Engineer: 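Pasting a structure below so you can have a look.
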Amino acid sequence: MKDSDKFKIVNELAKRRGFFWPSFEIYGGVSGFVTYGSLGTMLKRRIEDKFREFYIRPLGILEIESSVILPAKVFEASGHVEHFKEPMVECGKCKHKFRADHLLQEFAGMSDTKTEKLSPQQLIDQIRKHEIKCLECGGEFGEVKQFMTMFSTTIGPYSDAVGYGRPEAAQSIFVEFKRLYENARERLPLGIVQIGHALRNEISPRQGVIRLREFTIADIEFFFDPEEPQCPLLQNVENEKLRLLLTEAKLKGKKEPVEITVKQALGKGFIKTEWQGFFMAQAKRFLMELGVPEDKQRFIEKLDWERAHYSKQGFDQEIYIERWGWVEVSGHNYRTDYDLNQHMKFSGVDMRVFKEGRRFIPHVVEPSFGLDRLVYVAVEYALKTIKKRKVLSFPRDIAPVQVGVYPLVGKNGLPEKAKRVHQFLVKEGFLAEYDESGSIGRRYARADEAGTPLGVTIDYQTLEDDTVTMRDRDTWKQVRNKVERLPELLHAYFRYKLNFEDLGELVKG
Ligand SMILES: [Zn+2]
C-alpha cells in the first residue's frame, strides 16, 4: 500500500466497521468532531483502562472527575485567557478563516519551531511571500489576528458570568488541590489524574481524528517536594533508551534525535527532573505496548517560545504516522509551582503545604496524553495486509472484541450450542461476540478487520466431544480443545502468559 494512502485506508476502514467517523454527517458535518461507533468506543475504553493499569495504578495515582465548564476566574488565574490564542487569517473574498502558522507549515514547508517564533506581521509577510492563497476560493488573505481557542459561554442567565470549556483537564486538579492533598493524608509525592473531555475551538481542523475540537485528554499532575525531587522508581527505567531531539540541536537545524538512556539524559541535565525522566520512559513503553516500535517514537524538547506559558521544560512525545509525519501524542511539562501559585494569588487561599517545619508550594511534572490520537495510532500501527486481506493486528489487551464465537453452519443444532458457548464466555468476563451471518470465511474476514484475536468455532465434532477450534487472527492457524478449559486458557492468553500454540492441539489442514 502507498504510504500516503494509509490515513485514507484507516479512515475508510474505521468508518465502514464502526470504529469512528466525522460527526453530524446528515447535516453536512462539522470538522473537528468525531463519533465513535461500538468497536471504536470499546477500543478507546480499553486503551484508557490499559493506561490506568500501566501508568496510574502502580504509582498509587488518584483519579478524579470534575466539570467541563469552569468559571472564567480559573482560566484568568491559569493564564489561559491571556495565552490560549492562535494566529488566524481571513480570506478577503469568501471570508473563510485559517490557522496562519499551519498554512506555512503545510504549503511553505516551515517547521513549527519556525512559525511559532513569527509575529502576526511576519506570518502574513511569509504567507504573501510564498503566495499562499485561500484554500476555498484562491482569494488573498488579510492581516493575521489572534483568536482565543477556548469555547466561551455564560453560566446561567447572567451575561457577566462567563465560563469556559476546559481546554485541558489539569486546572480542576490545581483548584481542588488542598482538599485532594488532605484526602491523600498529606503525602508527597502525590499524583492526581483526570481523564475526560476537553474543548479547543480550533480555527480550521482538517486532520480528522488527529485534530479535534472536542477530545479526550488524560492529565496527570504529579506533585512533589522541590527539595526532595528524587524518583525512587528511577532504577526501573534508567537504562531505557529515549530518542531525544534537544533544543540545542534544533537550533542548529538538526532533525535526527540522539539516542540516550534516561540515566544519561538526567546526568547531562538534558532532562531537568527525575520524575520527568521516569514518566517519559513510561510513556515510551506504553506506546510500545500499544504497538508502536521504538524507531517510530521520539521526544522533542520545546524551545522557550514554543513552550506553554506554565512550563519550565517541556517535551512532546511524537509518533510517526504516514500522512501527517510526526504527531504529538503526549506532552511532558515541568510546571514547577506555577499553577498553585497563580490560584493562590487569584483566590487568596493559601495553597502551601506544611511539612517538617517548612511551608512551600509543591512542584509539578505533568504527563498529558491525547486519547483520541492514541486510538488513531493504535489502529494505524495494527493495520496489516495478510494474504490480500486487511487485518487489524491489535495487541491482545486492547482488542475491542476478544473472542468471536461461530457455529460452522446455521443448522443441525450448531447455533444453539454456539450461543451457549458464547454466554459461557461472556459470564467468564470475556468480550465475546456471537456471529452466524454469512459463510464461515466471511465471518473470519470480518473478525480480522475488527481486530478480534481469537475465533472459537463450533462444528459437528463439538456435539460429540465438547471440543471447539480456536483460530488465530494473525496466522490463521487453528487449535482444538475442550470448552470447559477455555476460561483458564483464555485468561492466561489475554494476559500474555500463553502463546496461541499453547491453547490446544494443532489442527492440521
Ligand atoms: Zn476564499
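Quick caveat: nothing in here was measured; it's all calculated off a predicted structure. Just follow the structure's listing: the first ligand is 1, and inside any ligand the first atom is 1.
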Engineer: According to the interplanar angle, ranging from 0 to 90°, do the rings of F223 and F174 count as parallel (below 30°), tilted (30 to 60°) or perpendicular (above 60°)?
Structural biologist: perpendicular
Engineer: Are H332 and Q276 close enough that a side-chain donor and a side-chain acceptor fall under 3.5 Å?
Structural biologist: no
Engineer: Should the pair E168-R200 be classified as a salt bridge under the 4.0 Å nitrogen-to-oxygen rule?
Structural biologist: no
Engineer: Could you grab the protein N, O or S atoms closer than 2.8 Å to the Zn ion (ligand 1) for me?
Structural biologist: C91 SG, C94 SG, C134 SG, C137 SG
Engineer: Between atom CG of L383 and atom NZ of K6, what is the distance when rounded to the nearest 0.5 Å?
Structural biologist: 5.5 Å
Engineer: For S368 and D219, test the side chains for any donor-to-acceptor distance below 3.5 angstrom and give the result as yes or no.
Structural biologist: yes
Engineer: Hey, can you tell me if W275 and F278 have their rings parallel, tilted or perpendicular (30° and 60° cut-offs)?
Structural biologist: perpendicular
